[in-house]
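Below you'll find the structure, written out as structure tokens, and then a few comments.
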Amino acid sequence: MAVHKHLRTQVAIVGAGPAGLILSHLLHLAGIDSIIIETKARNHLEERIRAGVLEQGTVDLLNQAGVGERMQREGLVHGGIELRFNGRSHRIDLRELTGGRSVCVYPQHEIVKDLISARLQAGGQILFEATQVQIHDLTTNSPRVTFQHADELHQMDCDFIGGCDGFHGICRPSIPSAELSTFEKLYPFGWLGILAEAVPASQELIYANHHSGFALLSMRSPSITRAYLQCKPDEDIAAWPDNRIWEELQHRLNTSTGFHLNQGPILQKGVTAMRSFVCEPMQYGRLFLAGDAAHIVPPTGAKGLNLAAADVRILASAIIRWYRNNASDLSERYSEICLRRVWRVQHFSWWMTSLLHRFDSADGFDHRRQLAELEQVVNSKAAATTLAENYTGLPFDTSGEL
Ligand code: APR
Ligand code: PHB
């Protein structure tokens with residue numbers, strides 16, 4: 001039988017996604033020790049294609065934390081997006097509408113690489129490929145995490161647990177169900193996403209509402225196109241050979257004056273279901289949930305990663321305050337503070353999704369109403385400003401000590 005190994009850290013972090021890694025790094029900058037436990041291998045995390053649009057506030061956070069060097073060099077700063085419908089394209093000038101705010105296109109897995117390397121260089125511990133991860137004694141002052149790592153059964157004692165293990169992790173289900181309320185909306189469609197070796201056909205992202213369904217043209221770099229098509233939630237990817245994908249993208253992104261997509265080898269394709277999900281509260285005893293472990297947004301507003309970063313920014317402040325001032329006021333308000341932003345972003349992501357997708361249940365009235373709303377967004381400065389403010393990211397809550 002494997003040996004029992006005891007570890008001790010101030011903050012045990014479950015999950016080495018963006019939430020767990022940023023939290024660990026922010027704590028380290030304040031002299032607080034943490035260990036991350038992760039079920040997947042390092043190369044899996046560093047290659048997993050996820051989101052790619054960073055709000056100004058997320059960019060600022062990564063820069064201030066000293067992990068933004070490569071992002072500043074390689075990230076693509078976008079001052080606008082295009083909304084395309086009825087064969088016409090309309091630019092939303094994010095920068096002008098928000099007094100200078102923009103977004104940065106820099107892939108999530110590159111952020112993960114930068115953060116893993118920063119943590120390891122600073123002597124931080126990330127235990128990859130752990131199994132049987134469990135959390136215990138959450139309502140005591142000394143919670144524990146147990147797991148199997150490198151053939152040894154480990155027990156890690158700590159003061160706090162950061163539950164950063166994503167939607168399918170074990171942290172949220174470890175909270176007694178009577179203590180949690182969950183709110184969920186499943187959408188009757190998914191996104192078929194591709195990554196292709198092709199120069200993006202547009203300098204900026206294009207969101208298209210088309211009678212055949214939503215399409216999005218995005219990018220990962222000046223030579224890699226990322227694109228999505230609205231599809232059935234259980235769409236069979238085998239029914240989508242590369243040429244069918246390109247044809248459908250061309251069809252949905254076309255304009256009356258003509259639009260030409262650059263095609264190239266498709267490197268990856270997959271289908272993602274879409275959901276909105278929130279659990280309340282985001283804390284139970286000494287367990288604090290952050291990122292996808294606590295909430296999911298549909299990807300239309302590109303908010304998942306940004307919301308995870310906003311959570312851990314608050315969580316790090318709360319934990320730092322607890323150690324420095326022996327004050328639990330902020331940690332007690334963690335959930336309440338996060339949920340205000342979470343619900344604002346939930347609304348925005350739902351709104352973008354509803355505005356741009358075709359719903360099977362929609363009739364002619366619904367479709368015309370949707371087009372009228374899009375006209376309003378592109379023609380009214382007030383409506384465009386609302387979109388731009390939310391898209392580039394609402395300012396962080398600066399009330400209190402945050
Ligand atoms: N024990 C340890 N780690 C776990 C466990 C477990 N039982 N279960 C899951 N994990 C790990 C996953 O392997 C993953 O690396 O937790 C990590 C969670 O990371 P993410 O899913 O990336 O979630 P988060 O850090 O909250 O980042 C949110 O990711 O899904 C996107 O759109 C989302 O961009 C947003 C971002
Ligand atoms: C992406 O590039 O993956 C992406 C961009 C914008 C979105 C969603 C996803 O709204």
Side-chain angles (χ1 to χ4, degrees), residues 12-24 35-42 44-55 58 76 78 81-82 103-109 111-112 115-116 126-135 145-149 161-174 191 193-195 200 204-207 214-221 224-228 268 270 272 274-275 277 282 289-312 315 345 348-349 352-353 356 390-391:
I13 298 176
V14 186
L21 289 164
I22 299 173
L23 176 62
S24 177
I35 298 178
I36 306 182
I37 306 114
E38 164 64 52
T39 47
K40 295 283 195 302
R42 179 177 177 178
H44 176 87
L45 304 185
E46 293 188 339
E47 283 154 27
R48 186 167 52 181
I49 303 294
R50 304 289 271 279
V53 179
L54 307 180
E55 293 175 359
T58 308
L76 308 170
H78 286 199
I81 55 169
E82 274 185 45
V103 293
C104 175
V105 174
Y106 185 63
Q108 177 170 318
H109 70 274
I111 298 181
V112 165
L115 285 161
I116 290 178
I126 308 173
L127 305 174
F128 294 105
E129 298 180 77
T131 57
Q132 298 170 45
V133 182
Q134 290 185 335
I135 56 178
V145 185
T146 57
F147 53 97
Q148 190 95 21
H149 184 253
I161 298 176
C164 303
D165 53 351
F167 186 66
H168 300 287
I170 52 97
C171 288
R172 191 182 66 253
S174 304
W191 275 13
I194 61 151
L195 194 69
E204 293 180 339
L205 271 58
I206 303 173
Y207 291 83
F214 169 73
L216 169 61
L217 185 68
S218 178
M219 65 197 71
R220 282 295 176 276
S221 75
I224 301 282
T225 293
R226 177 84 169 148
Y228 300 94
Q268 260 190 39
T272 325
M274 312 257 286
R275 75 168 84 224
F277 174 88
M282 289 168 55
L289 301 176
D292 279 14
H295 40 70
I296 295 285
V297 284
T300 326
K303 290 292 172 219
L305 167 61
N306 294 295
L307 206 47
D311 287 349
V312 293
L315 182 52
V345 170
F348 175 68
S349 304
M352 281 279 278
T353 305
L356 291 164
N390 282 280
Y391 193 84

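Whatever order the structure lists them in is the order used to number ligands and atoms, beginning at 1.
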May I ask you to check whether [X] has an N/O atom sitting below 3.5 Å from an N/O atom of ligand 1?
| X | value |
| --- | --- |
| Asp292 | yes |
| Arg50 | yes |
| Val133 | no |
| Pro18 | yes |

Thr300 contact mode with ligand 2 (heavy-atom cut-off under 4.0 Å):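 Looking at Thr300 and ligand 2, just backbone atoms fall under 4.0 Å.
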Within the 4.0 Å heavy-atom cut-off, what Ala302 brings close to ligand 2 is both
Atoms in ligand 2 with a heavy atom of Leu205 nearer than 4.0 Å: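 Every atom of ligand 2 under 4.0 Å from some heavy atom of Leu205: 5 (C), 6 (C).
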Partner of Cys164 by side-chain contact (heavy atoms from CB on, under 4.5 Å), out of Ile22, Val14, Leu23: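 Of the listed residues Ile22, Val14, Leu23, the side-chain contact (heavy atoms from CB on, under 4.5 Å) partner of Cys164 is Leu23.
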Who's the nearest protein heavy-atom neighbour of [atom], and how far?
| atom | answer |
| --- | --- |
| atom 15 (O) of ligand 1 | Glu38 OE1, 2.7 Å |
| atom 6 (C) of ligand 1 | Thr39 CG2, 3.5 Å |
| atom 34 (O) of ligand 1 | Gln108 OE1, 2.6 Å |
| atom 6 (C) of ligand 2 | Tyr207 OH, 3.3 Å |
| atom 9 (C) of ligand 2 | Tyr228 CE1, 3.8 Å |
| atom 8 (C) of ligand 2 | Pro299 O, 3.2 Å |
| atom 25 (O) of ligand 1 | Ala19 N, 2.9 Å |
| atom 19 (O) of ligand 1 | Gly17 CA, 3.4 Å |

Could you tell me how the ring of Trp191 sits relative to the ring of Tyr228: parallel (under 30°), tilted (30 to 60°) or perpendicular (over 60°)?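 Tilted: the ring planes of Trp191 and Tyr228 meet at 30° to 60°.
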If the threshold is 4.0 Å, N to carboxylate O, is there a salt bridge linking Arg42 and Glu129? no
Would Met352 count as a contact of ligand 2 if the rule is a heavy atom under 4.0 Å away?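 No; Met352 lies far enough from ligand 2 that no heavy-atom distance drops under 4.0 Å.
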Would Arg48 count as a contact of ligand 1 if the rule is a heavy atom under 4.0 Å away?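 It does; at least one heavy atom falls under 4.0 Å.
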State whether Tyr106 and Arg220 meet the cation-pi test: NZ (Lys) or CZ (Arg) under 6.0 Å from the six-membered ring centroid, and within 45° of the perpendicular axis. no
